[in-house]
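Data first, discussion second: the structure below is written as structure tokens.
Convention: sequence-line order gives letters A, B, ...; per-chain numbering from 1.
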There are 2 protein chains.
Amino acid sequence: MARIYIEDLQHHIGEEVQISGWIYNKRSSGKIRFLVVRDGTGILQCVMVKGMISEEKFSSFDTLTQESSLSVTGKIKKDDRAPGGYEMEISNIEIIQIAKDYPITPKEHGVDFLMDIRHLWLRSSRQHAILRVRHQIIKAIREFFDNRGFVLMDAPIFTPAACEGTSTLFETDYFDLGKAYLTQSGQLYAEAGAMAHGKVYVFGPTFRAEKSKTRRHLTEFWMVEPEVAFADLNDNMALAEEFLEHIVTSVLKHRAAELKVLERNVKFLENVKKPLPKISYSEAVEILHKKGINFEWGNDFGGTDETVISEQFDRPVIVHRYPTKVKAFYMKRDPQNAELALAMDVLAPEGYGEIIGGSQREDDYDVLLSRIKEHNLPQSAFE
Amino acid sequence: MARIYIEDLQHHIGEEVQISGWIYNKRSSGKIRFLVVRDGTGILQCVMVKGMISEEKFSSFDTLTQESSLSVTGKIKKDDRAPGGYEMEISNIEIIQIAKDYPITPKEHGVDFLMDIRHLWLRSSRQHAILRVRHQIIKAIREFFDNRGFVLMDAPIFTPAACEGTSTLFETDYFDLGKAYLTQSGQLYAEAGAMAHGKVYVFGPTFRAEKSKTRRHLTEFWMVEPEVAFADLNDNMALAEEFLEHIVTSVLKHRAAELKVLERNVKFLENVKKPLPKISYSEAVEILHKKGINFEWGNDFGGTDETVISEQFDRPVIVHRYPTKVKAFYMKRDPQNAELALAMDVLAPEGYGEIIGGSQREDDYDVLLSRIKEHNLPQSAFE
């Protein structure tokens, strides 16, 4: 008897199959016992009728607790009333393990409690849906770049002496060779890779030793960093909007059931289509001023500023041409206005704020060198 | 004029296009100047004829050095004699940067020298091919699991106090919360995930603070860890052989040109088809004895032993049922022989040795608990 997964049941209607999983729910009604089994890919209602199975197997029903593991065998029929749409008439049942005092019950639990049993919390329907949505996002990200001929580079996690100071770096002893630091960005590696392959992306864990609570990132988080040789600011903005549209479309298409579990209002998601609105930093400042916010031209936007700006739009908005002093030294300056960097950020609606930052890179060696000197950065490290 | 990539030239025959890239080679012949340009996706021969372009542009040819960057515009025609199969008749040329003293020349360089200029070495044809093969392998790995309904989990890089000692762990200060350690394996996270999703995989960087030079792994390397609930040893072996076949088939299909650059003998690769040969540990020991190697039953195989065993086969070989004492405590014991663990390793041909290790997990709580006590492991950490 081949074991199959609940997600594949539609190919096995009328067949006798085996499912292995965990007790999600059970109830009894006269001579009938209902077991709802989950196997990680779905849930299946399984029915035992007294007299159709050995007395011993039938009465084992009483011992089954939430999250006990078992294998059930039986014939599959379609049943629209059953959760999941199928039902199994159990012909055999094998109990693997009886769970004792499973700590997560339908009642509300606090996050501290749930974090202490994180390995079990993963089984709850909301956590289950989140991980599947996350997987789809990552899959869509890689598809996007792979289908456009980008070459994947994995920049090293261990990096040598930092170019821009060590205050927000995690460090570790690296044998007798001194310290190694955990990467904050693969950008410099990706830039070298783009010169070799034309277009590359880095997608791996990055680290920031910042203890502050921020909506931007955790101390450890995965970051996507494409790098395209010869790309200008317009190319960057086009890449960003195509990228977001591809990811959101993929999640809406393949993870609709999970978004429903999460009670996600998909209105904003359905709007994520190119072209995205594009405004200059100066236009964004005007929006703040019109809203009565006291904001000085030349400063960087804070979280509240980003929220106010993004609330003016029904989808992510691209803000471009920031003052050079709030952006990194390696960004090319606007030939029309040397006070501006050819940089862009994408601000997401619903208060999420900056989700992408990018720029056209300075490609003039002498200019780059003078910027490194102006910023008192260690030239030898950058070489 | 839209900029295109050399890999897309076949769709632009007869059209005027722009290519941006770097000088790979050049030569002149009478009134004709040949530039070979690489853009990371391929190489293209570009031709300038005296009189067909301004004198200034024509003579700029003389200033171009290896790896200088430029944009060339012109009409594309098919030409089987040209490297890459296409040729551009240059109508315009814009030099972006003249490279000075590019350090990598066609002569042989030592690895120490090349490692010091790793960012430039990436551009060399062999390095270029390696990164593209690596990308294809990673893509095939993710496709394999994604197409089989596995859910991706990314286990954290930072882990708390280690279960099995800290001697080979990298550590870092984690604010005022003590030490965090860099992960050696996502297995425990994946096991919890498999109970939630049925089948999951972890695929990210892992770390071993081992300074010894070994063919097994670097101090930092990417590891793939699938975990399947209810899977037995036979399921593991079937997954391993399908996995290897999928990866190798994908690379042979999509990276034939790169394998040629690498002068890879693909004979062993073409053999990587299921079923792979499967032998028990005891049969593997017999092979060693027949070859006159002094090996005591019960020990773990060393690198040379693995090479001798794998040399007997024309494709990877699966060795199963190892002595429990050379395998981890959480592996289930063979019900036929309590001295054996239901473990398997895949040994690759050509001296590469172990490339996969796996096992059926012990699923009896009481047995697992007694093993943790036997091995003097900290029960609380595992809880």
For B/Ile138, which atoms come within 4.5 Å of any heavy atom of chain A: side chain, backbone, both, or neither? side chain

Under 4.5 Å between any side-chain heavy atoms of B/Arg142 and A/Arg142, yes or no? yes

Taking side chain as everything from C-beta outward and backbone as N, CA, C, O, which of these in B/Phe203 sits under 4.5 Å from a heavy atom of chain A? Side chain, backbone, both or neither. backbone

Roughly how far apart are A/Tyr5 OH and B/Phe230 CZ, rounded to 0.5 Å? 9.0 Å

Counting heavy-atom pairs under 4.5 Å with chain B, which one of A/Ala194, A/Pro205, A/Ser20, A/Pro156 comes out on top? A/Ser20

Residue part contacting chain B, namely of A/Trp121, when any heavy atom lies under 4.5 Å: neither

Under 3.5 Å, side chain of A/Gln97 to main-chain N/O of B/Asp364, donor-acceptor pair present? no

Over all heavy atoms of both residues, which pair between A/Phe158 and B/Glu220 is shortest? Give the atoms and the distance, please. N-OE1, 3.1 Å

Over 12 foreign heavy atoms within 6.0 Å of CZ, A/Arg126: no

Checked B/Arg118, B/Lys199, B/Arg38 vs chain A; the most non-hydrogen pairs under 4.5 Å come from B/Lys199

Okay, B/Ala180 and chain A: the region with an atom under 4.5 Å from a heavy atom over there is neither

Pairwise side-chain contact, B/Tyr201 with A/His135, heavy-atom cut-off 4.5 Å (strictly under): yes

Counting heavy-atom pairs under 4.5 Å with chain A, which one of B/His197, B/His119, B/Arg123 comes out on top? B/His197

Tell me, side chain or backbone of B/Leu120 under 4.5 Å from chain A's heavy atoms, or both, or neither? neither

Top of A/Gln136, A/Glu7, A/Arg134, A/Glu143 for chain B proximity - count of heavy-atom pairs under 4.5 angstrom: A/Arg134

With a 4.5 angstrom heavy-atom cut-off, which part of A/Glu383 approaches chain B: side chain, backbone, both or neither? backbone

Check whether B/Glu191 gets within reach of chain A through its side chain, its backbone, both or neither, counting any heavy atom under 4.5 Å. neither

Which of residues 146-154 of chain A get closer than 4.5 angstrom to chain B, counting heavy atoms alone? A/Asp146, A/Gly149, A/Phe150, A/Val151, A/Leu152, A/Met153, A/Asp154

Pairs of heavy atoms under 4.5 Å with chain A: top-ranked of B/Ala229, B/Gly42, B/Ser124, B/Ser71: B/Ala229

Please check if atom OH in A/Tyr24 has more than 12 non-hydrogen atoms from other residues, nucleotides or ligands closer than 6.0 Å. no

Chain A contact via B/Phe170 - which portion, at a heavy-atom distance below 4.5 Å: both

Both conditions, 6.0 Å and 45 degrees, for the charged tip of A/Lys100 above the ring of B/Tyr365: are they met here? no

Checking A/Ser68 now: which residues fulfil side chain to side chain donor-acceptor pair (under 3.5 Å) with it, not counting sequence neighbours? A/Thr65

Highest number of heavy-atom pairs under 4.5 Å with chain A: which of B/Ile157, B/Leu182, B/Thr172? B/Ile157

Option in B/Gly204, B/Gly193, B/Ser69, B/Ala209 with maximal non-hydrogen atom pairs under 4.5 Å from chain A: B/Ala209

Pairs of heavy atoms under 4.5 Å with chain A: top-ranked of B/Asp173, B/Thr219, B/Thr41: B/Thr219

